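As a basis for the values below, the full set of heavy atoms in this structure was taken, side chains included, without hydrogen atoms, waters or symmetry mates. We name chains A, B, ... by the order of the sequence lines, and we start the count at 1 in each one. Every value quoted in this text rests on a predicted model; they were computed, and no experiment measured them.
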Number of protein chains: 2
Amino acid sequence: MTKRPVGIKDVAAAAGVSVTTVSHVLNDVAYARVGTETRERVHEVAQRLGYGPNRLAQALRTQRSGMIGFISEEIATTPHAGRIILGAEETARARGYNIMIINSTSTGSQDSRESDVADLLDRQVDGILYATMYHRKLSVPRNLSGVPAVLVDSEDISNSVSSVIPDEAGGARLAVQTLIDAGHTRIGMINNTDDVPATHSRLKAFQDTLADAGLTFHEELVHSEISEVPGGYQAALRVLKSPNRPTAIFCYNDRMAMGAYRAAAKLGLRIPEDISIVGFDNQQLIAENLYPALTTVALPHYEMGAWATKNLIDAIEGKTDLQQFTAQPTILPCPMVLRESVAAPPSNSHSRGTDLSARTTT
Amino acid sequence: MTKRPVGIKDVAAAAGVSVTTVSHVLNDVAYARVGTETRERVHEVAQRLGYGPNRLAQALRTQRSGMIGFISEEIATTPHAGRIILGAEETARARGYNIMIINSTSTGSQDSRESDVADLLDRQVDGILYATMYHRKLSVPRNLSGVPAVLVDSEDISNSVSSVIPDEAGGARLAVQTLIDAGHTRIGMINNTDDVPATHSRLKAFQDTLADAGLTFHEELVHSEISEVPGGYQAALRVLKSPNRPTAIFCYNDRMAMGAYRAAAKLGLRIPEDISIVGFDNQQLIAENLYPALTTVALPHYEMGAWATKNLIDAIEGKTDLQQFTAQPTILPCPMVLRESVAAPPSNSHSRGTDLSARTTT
DNA sequence: GTGAAAGCGCTAACAC
DNA sequence: GTGTTAGCGCTTTCAC
């Protein structure tokens, strides 16, 4: 059936050497002195026989499996998971590691989460990546300590395990600044109602950026709703109907921005001529396909996956101490991605805006 | 560091029995006769010591790793991958298996794809799942034969490995029938230009369903474009501008449907009052959030992942022979998901349509 | 330069 | 009922 019971000793026999020699040359052991001619012969034979090392046996012997456990909640519901996994997988594979995946429901009990970790530990993974699909604080399973581990897109509540998160504030500042740079002076925001870090830091960044630019923050121009399309629609409707309506809106995420598009359409407002919109998340499916395409800020999912994996492996291999990252999360930048939804404010607005881009499209 | 060097022999020592006994009770070996009292003691001690089996050692000994390799192309680009992975992971875990993931680029060479398989084989996976993100035919890496394997969402060109695919035709029939049932008699279609199975089978199903209902197929009412939003927009514009325009459009996928929504808006046509739209794929982000929400047909990604895994494991455990599925792919149904984009045709249309739902919204 | 042999943690004959 | 032991495929110490 599986025609691969060719082991190191088959190679040894065929090459007329001992298993030790085979092991030495195949692993390029530094201190081993093996004749060049023997080396070549071993390689040639191994190749010809189609030898492949049994990584399990190696692992048992060396106490290093070369496997990284990846616990992720809600793998399926967002495309974000894919980006994190990809970042992790590519980084791991480049260094000879493989990723073992476990899906954990966010509704799972503490017990079930511990047993997810135990599963992985039984498999002898060298380290664990623990990923969430949106940035938040959580208390990690107890049995995670003692193993090299890094949290992706979340922070440990007790700061005992290293983690990597997006620069929410920086991204938000970029978004708001983009609006300011386009000439907007009266800017609204539609925010999330959940009590997660992003809600607070994006709002604060919004205020700070306004302040830094000498613009006033109008409380009545920020409305919060559930961070989905309908919520975005409702909130946007409210800000757009406010007495002195803003010329631009900063949206908590792309889905809410999608709702804002609909609100604008409903009110007969053109984007970006009458109202500029900027989102957050860079969900391709939405951002690229909305009309006009949405200017938004990207979350560094791939990069977080890659960073986490690189540092996890460095720690496993003793090149680095994960402890150094434990005190506070590592923060990765959220780049701006410019598309079509931002323009200068309409020239007849109450702003000091210039009328440079009074292009009419309909 | 890792405080878990507690093995079977530690348990044996602490319980005052031999390792055999421990192994027997922990694995519930059928033929082993062990005293009830001993059993309890062993369990208790194992528990107390926090014993966890070393799955690597077990695997080495039993020649069964309990790991399933999952090769997927483009893990990150579509949410579909997540659903397949989830179906596979949940099914596997329920049976004591874990999933090892490898991302393979669809642009990769035959060689690189063979080495993806080799990687997994070195890891001693018990079987391999090979998934693509859209349904198509491919030639599998040569070294995949000889290992239990199943293709997910694709077919082997030489029909030598079992596979599971969506019922494209059935889904398309459902979609078209939904339109017919709503009273439409003049129906257009916007199709994909790629030469993939779905393109042909969805078109054929479209024609067949029309024929079965005694409706005529109008060649000029089907237009093809690249299967993305802009393509959908262009194609829909063309069908909607045709002399005697249809009252409903069947779209190749949800993205094209999104384009069709824009085309309708551009032309001042209301959905579903003036024109009914049905999509394909059930991409939540789009289908649920478009306004009005899109009626579409779902692709059974989760189910395919689950089916593939169940049957792979059955084969691994000798409960089933995968050979039986090899001659032709197993086909899983694509259920209809009804939302808001279909209504009866406008009463003033040339159809025999009733005017039951002449609700005006705008 | 090369090889013999121990042992990673476990299972499963087989012996008692 | 319970214990002894060989060996899964490999790495590595040590001897030659």
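dC10(D) atom P lies 9 Å from atom NZ of Lys9(A), rounded to whole Å. Atom NE2 in His24(B) sits roughly 14 Å away from atom P in dT4(D) (whole-Å rounding). Protein atom CG of Asn27(A) is 10 Å distant from nucleotide atom P of dC10(D), rounded to whole Å. A straight line from CZ of Arg64(A) to P of dG9(D) spans 24 Å, rounded to a whole angstrom. In this entry the distance linking CG of Leu60(B) with C1' of dG7(C) reads 12 Å, nearest Å. The interatomic distance linking Leu56(A) (CG) with dT11(C) (C1') rounds to 15 Å, in whole Å. Arg61(A) has its CZ atom 5 Å from the C1' atom of dT11(D), to the nearest Å. To the nearest angstrom, C1' of dG9(C) lies 8 Å from OH of Tyr51(B).
Here Gln63(B) reaches the OP1 or OP2 of dG9(D): one of its side-chain N or O atoms lies under 4.0 Å away. Close to dT11(C), at under 4.0 Å from its OP1 or OP2, lies a side-chain N or O of Gln58(B). Checking the phosphate oxygens (OP1, OP2) of dT11(D), a side-chain nitrogen or oxygen of Ser23(A) falls inside 4.0 Å.
Take Glu73(B) and apply the salt bridge (charged side-chain N to carboxylate O under 4.0 Å, His left out) test, not counting sequence neighbours, and it matches Arg136(B).
Side-chain atoms of Gln323(A) and Thr326(A), non-hydrogen and from C-beta on, do get closer than 4.5 Å to each other. When side chains are defined from C-beta on, Asn98(B) counts as touching Arg55(B), because their heavy atoms get closer than 4.5 Å.
Around atom CD of Glu44(B), more than 12 heavy atoms belonging to other residues, nucleotides or ligands sit under 6.0 Å away. When the shell of 6.0 Å around CD of Gln110(B) is examined, it contains more than 12 heavy atoms from other residues, nucleotides or ligands.
The side chain of Ile8(B) sits closest to dC10(C) out of dT11(D), dC10(C), dA4(C). Among the nucleotides dT2(C), dT12(D), dG9(D), the one closest to any side-chain atom of Thr21(A) is dT2(C). Across dG3(D), dA5(C), dT11(C), the shortest atom-to-atom separation from the side chain of Thr20(A) is found for dA5(C). Comparing dT11(C), dG3(C), dG9(D) by their closest approach to the side chain of Ala57(A) singles out dG9(D). In the set dT13(D), dG3(D), dC10(C), the nucleotide with an atom closest to the side chain of Asn54(B) is dC10(C).
The existence of a salt bridge linking Arg123(A) and Asp119(A) is excluded, since no basic side-chain nitrogen approaches an acidic carboxylate oxygen closer than 4.0 Å.
Summarising the geometry, atom CG belonging to Leu151(B) is positioned 6.0 Å from atom CG belonging to Asp156(B); distances are rounded to the nearest 0.5 Å.
Residues from residues 36-49 of chain B lying near DNA chain D, meaning a heavy-atom separation below 4.0 Å, are Thr38(B) in numerical order.
Using a 30° and 60° split on the angle between ring planes, His301(A) and His80(A) fall in the parallel class, below 30°.
Of the options Leu129(A), Val140(A), Thr132(A), Leu120(A), a side-chain contact (heavy atoms from CB on, under 4.5 Å) to Ile71(A) is made by Leu120(A) and by none of the others.
Axis orientation changes by 50° from one end of the helix from dG1(C)-dC16(D) to dC16(C)-dG1(D) to the other, with each end axis drawn from 5 pairs and the value rounded to 10°.
Remark: the Ser115(A) side chain and the Ser112(A) side chain contain no N/O donor-acceptor pair separated by less than 3.5 Å.
Here Val17(B) lies in heavy-atom contact (under 4.0 Å) with sugar-phosphate atoms only.
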